[in-house]
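Step one of this worksheet: look at the structure below.
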Amino acid sequence: MDRWKVTMLAGSALVAGVVLGASCASGGKANAPAPADDSPVEQTQPGEVRVVEVLEEAIRFEAAGTTVHGTLTRPRFSDDAVEPVPAVVLVAGSGPTDRNWESPVLPGENGSARLLARALGERGIAVLRYDKRATGQTDFPGDLRWEDYLAELEGALGVLSAHEAVDAGRLFVAGHSEGGAHALRALQQEVVSPAGVMLLATAGRTLSEVIAWQIEAQLVAAGIGESRVQAEVANLKRALASIASGQTVRASRVSMYPGVVRLVEALQAEDGRAFSQAILDWSPTRAAGEVKVPMLILNGRKDLQVDPGLDAQALAEAARSAGGDVELVLVDDADHVLKHQPTAREELSAQHGLLYNQAGRQLDPQVVEAIVDWVQRH
């Protein structure tokens, strides 16, 4: 179990301080919360329908030999005769990230999925979020294949389609970070057929490219000399290519930095090797060009792990060039987990990622508005 968690964590390289082991700075201006929304749950909805309560219920379903546990958040209206509501499945990102987008490797219990489910529920949209295998309450059966993640997503949509409070014709998938790759892959493989898909802070480059880009940025930020950085990145790229092709790499020869060595070792761990080989060189932009349903691509401009231009815009351009129905939203002050980040981007560092779930932080309100608006129009 522990080895698998490390595999998934390092496999996406979406963890702050992977190279130099950056420590968490406490509190402060860098992650000051956005102004809280003090409005009551009861609020006017289109057609004068009001949400009077947001309900939560525990759910579970079977997927690829594992019982998956999750939470369904749904609105209760002032008019009990209101028609079924649209619903969203939230697909979590990499590593031991659970249904709430909380993780044992990041401090805090203020996960963005928990906040987003509540915010959408208050606006009349149901949300199902779940613990992917080996996170939260969901067990790990012993090995990992990409198909397992797709089976989880398929099962989650099945739960929603059978729920009496949900409009089975308006089911949406929202994948965050690596979860966006799972959503795209599920569509590409025709495992699911939702009414639309949302890619939230999702990479447009291959995972190998993103890993190399992130490691290079961290080395540069740490003041490592240019020639050393370039040598490290070149070695890492060769190692990733070898792993993707099924070869075994001696991690200790790839880098002089323990964090990079651990990353390469984790990508080759026996229980996650098949997944690493499948995803490292898989092209998200090619998959985006094959999407046949409406798509929302949303990214924060203060995201240090996925680049708005290299990733979000690239995904949108790929979809548009193929004639896809796509909308691109870039939120000025949102970070990787869609929370409001007032600090200037050039002042942010890897340490800020360790404060993603800091108590009191809020979702960027523009993120919520963009998602609600898009769902309501579809």
Side-chain angles (χ1 to χ4, degrees), residues 1-19 21-27 30-31 66 68-71 89-118 127-140 144 148-149 152-153 156 174-182 200-203 207 210-211 214 218 259 262-263 266-267 269 271-272 275-276 279 300 303-306 334-339 341 348-363:
M1 175 70 74
D2 290 341
R3 184 174 63 174
W4 177 83
K5 287 182 177 179
V6 173
T7 300
M8 298 310 300
L9 191 64
S12 63
L14 297 182
V15 178
V18 68
V19 175
S23 60
C24 177
S26 61
N31 282 283
T66 301
V68 179
H69 297 263
T71 303
V89 173
L90 292 181
V91 187
S94 63
T97 306
D98 65 17
R99 75 185 80 176
N100 299 318
W101 300 357
E102 296 166 3
S103 166
V105 301
L106 293 176
E109 298 180 351
N110 186 35
S112 293
R114 187 199 303 271
L115 302 179
L116 185 56
R118 173 76 181 185
V127 174
L128 193 159
R129 62 194 197 272
Y130 60 90
D131 295 329
K132 61 185 186 293
R133 54 200 52 228
T135 71
Q137 294 180 288
T138 302
D139 291 333
F140 178 51
L144 180 72
D148 298 336
Y149 282 141
E152 291 174 351
L153 176 51
H176 175 254
S177 194
E178 189 180 278
H182 302 326
L200 311 176
T202 297
L207 182 56
V210 173
I211 290 174
Q214 290 186 349
Q218 292 180 46
R262 289 193 296 270
L263 185 151
L267 286 170
D271 49 14
F275 177 69
S276 296
I279 197 172
D303 190 333
L304 299 183
Q305 297 168 224
V306 174
D335 65 11
H336 183 63
V337 294
L338 313 180
K339 288 190 171 81
Q341 175 55 268
L348 295 173
S349 69
Q351 289 185 343
H352 289 81
L354 298 173
L355 300 175
Y356 281 157
N357 294 335
Q358 184 183 39
R361 297 198 66 206
Q362 301 286 330
L363 294 174

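Hydrogens, waters and symmetry mates are skipped; everything else that's a heavy atom, side chains included, is used. These numbers come from a predicted model, not from an experiment.
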To the nearest 0.5 Å, atom CZ of Arg361 lies from atom CG of Leu355 at 7.5 Å

Contact check, side chains of Leu116 and Val127, non-hydrogen atoms, under 4.5 Å:
no

Can you check side chain to side chain contact (heavy atoms under 4.5 Å, CB included) on Leu200 and Leu338, steps first, answer last?
CA-CA 8 Å; Leu200 311 176; Leu338 313 180; 4.1 Å; yes

Taking atom types as modelled, find out whether Lys339 and Ser112 have a side-chain donor-acceptor pair closer than 3.5 angstrom.
yes

Is the backbone N or O of Leu267 less than 3.5 Å from a side-chain atom of Ser276, with the two atoms forming a donor-acceptor pair by type?
yes

Separation between OG1 of Thr71 and CG of Asn100, rounded to the nearest 0.5 Å
6.5 Å

Quick one: pull up CG in Asp98 and CD in Gln137 and give me the separation to the nearest 0.5 Å.
9.5 Å

Could you go through the side chain to side chain contact (heavy atoms under 4.5 Å, CB included) check for Tyr130 and Leu153 one step at a time?
CA-CA 9 Å; Tyr130 60 90; Leu153 176 51; 4.1 Å; yes

Against His176, only a single residue in Thr202, Val337, Leu90 fulfils side-chain contact (heavy atoms from CB on, under 4.5 Å); can you say which?
Val337

Can you tell me how far apart OH (Tyr356) and CG (Leu106) are? Round to the nearest 0.5 Å.
8.5 Å

Do the non-hydrogen side-chain atoms of His69 and Arg99 ever get within less than 4.5 Å of each other?
yes

Derivation and outcome, side chain to side chain contact (heavy atoms under 4.5 Å, CB included), residues Phe140 and Asp271:
CA-CA 10 Å; Phe140 178 51; Asp271 49 14; 4.2 Å; yes

Tell me the closest heavy-atom pair linking Ala203 and Val210, and the distance in Å.
CB-CG2, 3.8 Å

Looking at Arg129 and Ala113, what are the two nearest heavy atoms and their distance?
CD-O, 3.9 Å

Between Val68, Thr138, Asp139, which is the residue that forms a side-chain contact (heavy atoms from CB on, under 4.5 Å) with Asp131?
Thr138

Take Ser177 and His336 through the side-chain hydrogen bond (donor to acceptor under 3.5 Å, both in side chains) test and state the conclusion after the steps.
CA-CA 8 Å; Ser177 194; His336 183 63; 3.1 Å; yes

Within this structure, what is the CH2-OG1 distance for the pair Trp101 and Thr135, rounded to the nearest 0.5 Å?
13.5 Å

When you look at Glu109 and Arg114, which way does the salt bridge (Lys or Arg N to Asp or Glu O under 4.0 Å) test go after all the steps?
CA-CA 9 Å; Glu109 298 180 351; Arg114 187 199 303 271; 5.6 Å; no

If you compare all heavy atoms of Leu128 against all heavy atoms of Ala156, which two are closest, and at what distance to 0.1 Å?
CD1-O, 3.8 Å

Heavy-atom donor-acceptor pair, Asp303 side chain to Asp335 backbone, under 3.5 Å
no

Flag, side chain of Lys132 to backbone of Pro96, donor-acceptor distance under 3.5 Å:
no

Do Val91 and Tyr149 come within less than 4.5 Å of each other through their side chains, counting heavy atoms only?
no

Within the structure provided, determine whether Leu115 and Asn110 are in side-chain contact (heavy-atom separation under 4.5 Å).
yes

